[in-house]
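Data first, discussion second: the structure below is written as structure tokens.
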Amino acid sequence: AQTVTQSQPEMSVQEAETVTLSCTYDTSENNYYLFWYKQPPSRQMILVIRQEAYKQQNATENRFSVNFQKAAKSFSLKISDSQLGDTAMYFCAFKSGSARQLTFGSGTQLTVLP
Amino acid sequence: DAGITQSPRHKVTETGTPVTLRCHQTENHRYMYWYRQDPGHGLRLIHYSYGVKDTDKGEVSDGYSVSRSKTEDFLLTLESATSSQTSVYFCAISRANFGTGETYGYTFGSGTRLTVV
């Protein structure tokens, strides 16, 4: 079974600074997808970024980028120029090519300080 | 957006009573899911459906049942609610291209906060 580990339950960062959230996963498959979801206090789950395992290039979406290290099974999220609106719970998620569902990590609560 | 709605948004119920949560989608997606969210556990899969009347269990399915009689509706039932089922419940639909095998993640409903007293 696949597992996803987020080892930082809580983090904080000053506004305008950069923060990195870590995620590791365990799988024996070669074809898979990785995701970061954001959950602000509104409770809505929002897709932040997606990475396909067969792509070497790290995905980026505006201020959000990932560091995908396939051999190390690591998938960290970097948020640049942090904004107060980035305060949220962030979930890392994994889906293998053969699975029908996503597996989520336990989440990291990020607080951006003014 | 996918047009996925959950109802109710909040519910308080008593131990031992049956409870049904509803998920409705408007875009004819094949796969639908029910997750529960609890502090320290992230989101855990309860049940999912891959078509009308086709469902399967997830990792925390005990005490829950589901039904899907129409493509657009996926119901989650707690037959006899317990305090351990106090949680936030999310429905989701899978965005995937079944022709290419590409997956684009989920679109989620807004969640139901269920409190069992």
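Note on naming: letters A, B, ... go to the chains in the order of the sequence lines (proteins, then strands), and numbering restarts at 1 for each one.
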Original post:
Applying the 4.5 Å side-chain criterion to the ILVMFWY set and letting contacts propagate, would A:Met89 and A:Val19 be lumped into a single cluster?
Top reply: no
Original post:
B:Val66, B:Met32: one ILVMFWY side-chain cluster at the under-4.5 Å cut-off?
Top reply: yes
Original post:
Where does B:Leu45 contact chain A at under 4.5 Å (heavy atoms): side chain, backbone, both or neither?
Top reply: side chain
**OP:** Consider only side-chain heavy atoms of I, L, V, M, F, W and Y, link residues closer than 4.5 Å, and tell whether B:Leu43 and A:Leu47 are in one cluster.
**Re:** yes
Subject >> same_hphob_cluster(B:Tyr89, B:Ile4) at 4.5 Å side-chain heavy-atom cutoff >> reply: yes
Subject >> Minimum-distance pair of heavy atoms, taken over all atoms of A:Met45 and B:Phe108 >> reply: CB-CD1, 3.4 Å
Original post:
Are side-chain heavy atoms of A:Phe35 and B:Tyr106 found at a separation under 4.5 Å?
Top reply: no
Original post:
So which bits of residues 46-65 of chain B come within less than 4.5 Å of chain A, counting non-hydrogen atoms only?
Top reply: B:Tyr48, B:Tyr50
Original post:
Which residues in residues 11-23 of chain B have a heavy atom less than 4.5 Å from any heavy atom of chain A?
Top reply: none
Original post:
For atom NZ of A:Lys78, is the number of surrounding heavy atoms from other residues, nucleotides or ligands below 6.0 Å larger than 12?
Top reply: no
Original post:
Are A:Val4 and A:Met11 connected, step by step, through hydrophobic side chains (Ile, Leu, Val, Met, Phe, Trp, Tyr) whose heavy atoms are closer than 4.5 Å?
Top reply: yes
Original post:
Looking only at heavy atoms, what is the nearest atom pair of B:Val88 and A:Arg43, with distance?
Top reply: CG1-CD, 3.8 Å
Subject >> Interface moiety of A:Gln6 toward chain B, non-hydrogen atoms closer than 4.5 Å >> reply: neither
Original post:
What ring-ring contact (aromatic ring centres under 6.0 Å, His included) pairs are there with at least one residue in residues 78-99 of chain A, not counting sequence neighbours?
Top reply: A:Tyr25-A:Phe94, A:Tyr32-A:Phe94
Original post:
By a 4.5 Å heavy-atom criterion (distance strictly below it), what part of B:Arg113 contacts chain A: side chain, backbone, both, or neither?
Top reply: both
Subject >> B:Tyr33 versus chain A, the contacting section by heavy-atom distance below 4.5 Å >> reply: side chain
**OP:** Tell me the residues of residues 97-114 of chain A whose non-hydrogen atoms fall below 4.5 Å from those of chain B, in number order.
**Re:** A:Arg100, A:Gln101, A:Leu102, A:Phe104, A:Gly105, A:Ser106
